[in-house]
Amino acid sequence: MVDLPDVTSVATKLNNTLIQYYNIEDCEWRIAKKTKDTIVWRKPSEEFSGYLYKTQGIVEDAANRIVDHIRPGPYRLHWDSLMTTMDIIDEFEENCCVMRYTTAGQLWNIIAPREFVDFSYTTDYEEGLLSCGISLDYGEARPNFVRGFNHPCGWFCIPLKDNPRHSLLTGFIQTDLRGMLPQSAVDTAMASTLSNFYSDLRKTLKA
């Protein structure tokens with residue numbers, strides 16, 4: 001069992017931090033990658049020496065179904081091409097858990113496989129949902145993995161007013177991959193990973 005001082009206060013603080021990110025002025029962001037249906041921006045993180053990334057795109061499905069595929073549960077591992085394992089190691093209530101997951105190597109294994117242990121929380125936001133998380137210091141990393149750390153991150157999924165079967169999915173990610181990595185490699189990997197995340201998600205929802 002994971003020893004959290006107060007699950008409610010952790011969830012509330014995380015929720016409030018993500019709402020602050022959601023309200024950051026557009027002029028503070030710089031485009032990192034743009035495709036025909038997804039944009040990735042970045043700005044210096046206030047949590048660590050890397051970047052806070054923002055990514056946004058319209059996904060053709062209802063908000064509840066999209067978030068069910070993003071948050072910890074039976075769907076995520078089947079479609080997310082970066083994620084290689086996922087285990088829920090503690091559950092506090094239906095929308096709140098701790099998960100341990102691993103990711104594949106990237107950029108011809110310049111970035112070796114990573115392991116994360118995250119607190120995850122999903123809640124209502126406006127007419128849609130917010131699924132957010134933050135890493136915990138928990139145990140030792142598995143052999144052959146580097147333990148990464150996710151500073152406050154999350155996904156807002158809001159149905160479009162003129163077409164509720166389509167949703168605007170906005171993500172905020174700030175991952176410290178740790179290890180001896182060139183910053184340029186991290187920046188390239190993060191922008192591509194977030195763009196691919198949308199492609200993988202759209203494919204599985206249409207299947």
Side-chain angles (χ1 to χ4, degrees), residues 11 14-15 17-26 28-43 51-86 88 94-97 99 101 103-104 106 116 118-134 150-175 187-207:
L14 183 59
N15 178 79
T17 299
L18 265 295
I19 291 171
Q20 286 175 9
Y21 295 162
Y22 195 69
N23 291 319
I24 292 173
E25 297 288 339
D26 289 347
E28 294 190 39
W29 299 100
R30 297 289 177 266
I31 290 179
K33 187 178 179 70
K34 188 173 184 178
T35 68
K36 63 182 175 67
D37 48 20
T38 307
I39 305 177
V40 181
W41 298 266
R42 72 182 191 189
K43 70 183 292 293
Y51 289 100
L52 167 63
Y53 288 84
K54 173 184 176 180
T55 182
Q56 192 171 74
I58 291 172
V59 179
E60 296 178 17
D61 217 318
N64 280 353
R65 185 161 183 258
I66 293 168
V67 171
D68 277 345
H69 280 74
I70 292 174
R71 65 182 174 183
Y75 300 115
R76 179 71 180 267
L77 195 58
H78 295 304
W79 65 265
D80 188 338
S81 59
L82 187 63
M83 192 176 283
T84 52
T85 67
M86 185 187 72
I88 294 175
E94 187 180 350
N95 63 344
C96 199
C97 70
M99 66 170 177
Y101 67 95
T103 58
Q106 300 174 71
F116 299 86
D118 285 7
F119 172 81
S120 176
Y121 172 64
T122 301
T123 186
D124 295 330
Y125 181 78
E126 294 184 352
E127 300 300 314
L129 293 164
L130 164 63
S131 184
C132 49
I134 187 170
N150 286 313
H151 295 278
C153 57
W155 297 91
F156 292 85
C157 194
I158 313 292
L160 301 184
K161 287 184 176 159
D162 57 349
N163 186 354
R165 293 297 302 171
H166 290 57
S167 304
L168 182 65
L169 181 63
T170 307
F172 296 90
I173 307 295
Q174 47 186 342
T175 300
D187 297 342
T188 299
M190 288 301 297
S192 296
T193 293
L194 291 171
S195 179
N196 292 341
F197 181 93
Y198 278 77
S199 301
D200 289 347
L201 178 60
R202 289 182 176 116
K203 282 176 191 168
T204 198
L205 289 170
K206 285 180 179 178

What's the spacing between [X] [atom1] and [Y] [atom2] if we round to 0.5 Å?
X	Y	atom1	atom2	answer
Ile39	Asp37	CD1	CG	10.0 Å
Ile58	Ser167	CD1	OG	9.5 Å
Ile66	Arg71	CD1	CZ	12.5 Å
Leu169	Ile158	CG	CD1	9.5 Å
Leu14	Tyr121	CG	OH	9.0 Å

Nearest heavy-atom pair of [X] and [Y]: which atoms, and what distance?
X	Y	answer
Ser120	Ser131	OG-OG, 4.5 Å
Leu129	Asp124	CD2-OD1, 3.4 Å
Thr17	Pro152	CG2-CB, 3.8 Å
Ile88	Cys97	CG2-CB, 4.0 Å
Thr38	Arg202	OG1-NH1, 3.1 Å

Classify the angle between the aromatic ring planes of Trp79 and Phe197 as parallel (below 30°), tilted (30 to 60°) or perpendicular (above 60°).
perpendicular
Over 60° means perpendicular and under 30° means parallel, so classify the ring planes of Tyr51 and Tyr53, tilted if in between.
perpendicular
Hey, is the main chain of [Y] close enough, under 3.5 Å, to the side chain of [X] for a donor-acceptor pair?
X	Y	answer
Arg65	Leu205	yes
Tyr198	Thr55	yes
Asp118	Gly133	no

Test of understanding: with side chain to side chain contact (heavy atoms under 4.5 Å, CB included), list the residues that count as partners of [X], not counting sequence neighbours.
X	value
Gln20	none
Glu127	Pro159
Lys203	none
Leu130	Asn15, Leu18, Thr123, Tyr125, Cys132, Phe156

Applying side-chain contact (heavy atoms from CB on, under 4.5 Å), run through His69 and Leu201 and close with a yes or a no.
CA-CA 8 Å; His69 280 74; Leu201 178 60; 3.9 Å; yes
Would you say [X] and [Y] make side-chain contact, with heavy atoms under 4.5 Å?
X	Y	value
Lys33	Leu194	no
Thr193	Thr175	no
Phe172	Leu52	yes
His78	Thr204	no
Asp187	Arg42	yes

Without hydrogens or angle criteria, can the side chains of Tyr21 and Gln174 be said to hold a donor-acceptor pair below 3.5 Å?
yes
Should the heavy atoms of other residues, nucleotides or ligands under 6.0 Å from CG of Asp26 be counted, would the total exceed 12?
no
OH (Tyr22) with more than 12 external heavy atoms under 6.0 Å
yes
Can you list every salt bridge (charged side-chain N to carboxylate O under 4.0 Å, His left out) pair that touches residues 154-171, not counting sequence neighbours?
Asp61-Arg165
Write out all pairs satisfying salt bridge (charged side-chain N to carboxylate O under 4.0 Å, His left out) with one or both partners inside residues 72-83, taking only residues at least two apart or from two chains.
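Listed by first then second residue: Arg76-Asp80.
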